[in-house]
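Just below is one structure, and these are the notes that go with it.
Start at 1 and go down the list; that is how both ligands and their atoms are numbered. Not measured: the values here are computed from a predicted model.
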Amino acid sequence: MWSVGPFPAVEYRSAAMPALLIRDLEQVVSPAGGPAPLRGRALGELGVLERGYVLCEGDRIARVGPMAELAAADVPAQTVELDGRGSSAVPGLVDCHTHACFAGDRAEEFALRAGGASYEELHAAGGGILATVRATRAAGQKGLARALERHRGWMLAHGTTTFEAKSGYGLDRETELAQLRAIAAAGGVPTWLGAHAVPPEFPDADAYLDEALREVLPEAATLAEAADVFLERGAFDASQARRYLEACRAAGLALRIHADQFTEAGGISLALELGARSVDHLEATGPDGVRVLGRSDVAAVLLPVAALFLGRPMPPARALVDAGAVVALATDFNPGSAFCESLPVVMSLACTQLGLTPAEALTACTVNSAHVLGRSDRLGRLEPGYSADVVLLDASDWRYLPYHLGGEHVAVVVKEGQVVWER
Ligand code: NIG
Ligand code: FE
């Protein structure tokens, strides 16, 4: 079992933070290969070190190696030790696509869908995204922060040490900015999803975009790292998405697109044209889209829970990997189309439904998702110099993470050198 040594109360990120040695691990597992993003064959090449250790100093990983080569002189005085016998270590998981900053739930809608109503019908009738917009507007800054804190705890318990979260449930200046502030305050990576749906107080998408770009973008650009748009029938079309994204790019934001979730609506070619970071979803993407992405640097972020939750076809993951595309995996955690915060479940689905190997699935939700967030130089690997974000599993074979569907093998989560969660 885990023995967490005496852990002095220290300030998070304090320079005086003691070192942390995770020793006697059965496996230390990390994406191998060159610089991220890893694509093609390299996606599935993991480094698996048997009987190893991870030494963290401050918020960084200082050394990783076999126990047999660990010398007492390598370990600073007053190092806290974790006993890794019977366990394995993987990098802290990175969730590069969530809508975790929402208030309320859509349990009632879930029941209606189970009874036969479709997601698109509910949306068209003023439910769906707009139902969550009403709850999120009503929550206020404090209520929103509380809800996000709860959701962040769920994510952490599944091994997610870094999460991106989008706005898009405010759709007015005050609530969109409140969402972005709450996400940053919770340590998330904020994305401005100003073009998620058209709120009821506007006659059409163009009128809404005029106001959002004029009134919200200037401040959103100071809070967010990227902008995102829902390019879909019933949401925003390609020319509206282009207008929104061009303005966001001019304001310094990286670009992402919810593309091909229900229909192929031009999201991939727009992403290439504008140099977007990613296209996300791709459940409806056909062979041409796969070919184009295979030759491009735009990442394909696949969200198999959304497909499962809505009973939609799975995205063409195997074809994308084989075509050489940059592939990442994420939860899409939100109250409507993917009420699931677990990247281990996403990895299980990747292996059982998307045709990926466990190794490919791990790389796709560690260093490749870090790449989507512009952080692959410091997140998503167990290597010296990387952020000391480590997930310890109570299984000696790390593959239990995807293998055990819904299993709970995350035993300890270390973020920036500190134990932040224990089962
Ligand atoms: O990525 N497709 C658009 N947005 C979300 C769903 C949001 C919701 O239903 O609340 C998605 O699936
Ligand atoms: Fe999404």
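- Heavy atoms from other residues, nucleotides or ligands lying under 6.0 Å from CZ of Phe202 number more than 12.
- Against a heavy-atom cut-off of under 4.0 Å, Gly336 is close to the following atoms of ligand 1: 9 (O).
- The heavy atom nearest to atom 4 (N) of ligand 1, out of those in Gln261, His196, His123, His258, is found in His196.
- Taking every non-hydrogen atom of Arg106 and a distance limit under 4.0 Å, the qualifying atoms of ligand 1 come out as 8 (C), 9 (O), 10 (O).
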Going through the distances and angles, do Phe333 and Phe102 end up as a ring pair (Phe, Tyr, Trp, His ring centres under 6.0 Å)?
-> CA-CA 10 Å; Phe333 176 36; Phe102 62 87; 5.7 Å; yes

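- Judged purely by distance below 3.5 Å, without hydrogens or angles, the side chains of His258 and Asp280 never pair a donor atom with an acceptor atom.
- Between Thr132 and ligand 1, not a single N/O pair is under 3.5 Å apart.
- Summarising the local packing, CZ of Arg214 is surrounded by more than 12 heavy atoms from other residues, nucleotides or ligands at distances under 6.0 Å.
- Residues Thr331 and Asp95 have side chains that bring a donor and an acceptor to within less than 3.5 angstrom of each other.
- Shortest contact from atom 11 (C) of ligand 1 to any protein heavy atom: Asp332 OD2, 3.2 Å.
- Excluding waters, the protein N/O/S atoms found under 2.8 Å from the Fe ion (ligand 2) are His97 NE2, His99 NE2, His258 NE2, Asp332 OD1.
- For ligand 1, the atoms sitting less than 4.0 Å from at least one non-hydrogen atom of Phe230 are 2 (N), 3 (C), numbered in the order shown with element in parentheses.
- Here Glu232 has no heavy atoms under 4.0 Å from ligand 1, in either its backbone or its side chain.
- Heavy-atom proximity to Ile129, at under 4.0 Å, picks out these atoms of ligand 1: 7 (C), 8 (C), 9 (O), 10 (O).
- The pair Glu149-Arg146 fails the salt-bridge criterion, with no side-chain N (NZ, NE, NH1 or NH2) lying under 4.0 Å from an Asp/Glu carboxylate O.
- Using modelled atom types, one finds no donor on one side chain facing an acceptor on the other under 3.5 Å when comparing Ser387 with Glu416.
- Surrounding OH of Tyr403 are at most 12 heavy atoms belonging to other residues, nucleotides or ligands under 6.0 Å away.
- Among all non-hydrogen protein atoms, the one lying nearest atom 6 (C) of ligand 1 is Tyr119 OH, 3.1 Å.
- For the pair Tyr169 and ligand 1, a heavy-atom separation below 4.0 Å is found.
- Under a cut-off of 6.0 angstrom, the local environment of CD in Glu174 is sparse, with at most 12 non-hydrogen atoms contributed by other residues, nucleotides or ligands.
- A side-chain donor from one of Thr263 and Glu232 sits under 3.5 Å from a side-chain acceptor of the other.
- The ring of Tyr119 has its center no closer than 6.0 angstrom to the ring center of Phe309.
- Residue Ser337 touches ligand 1 through backbone and side chain together, judged by heavy-atom distances below 4.0 Å.
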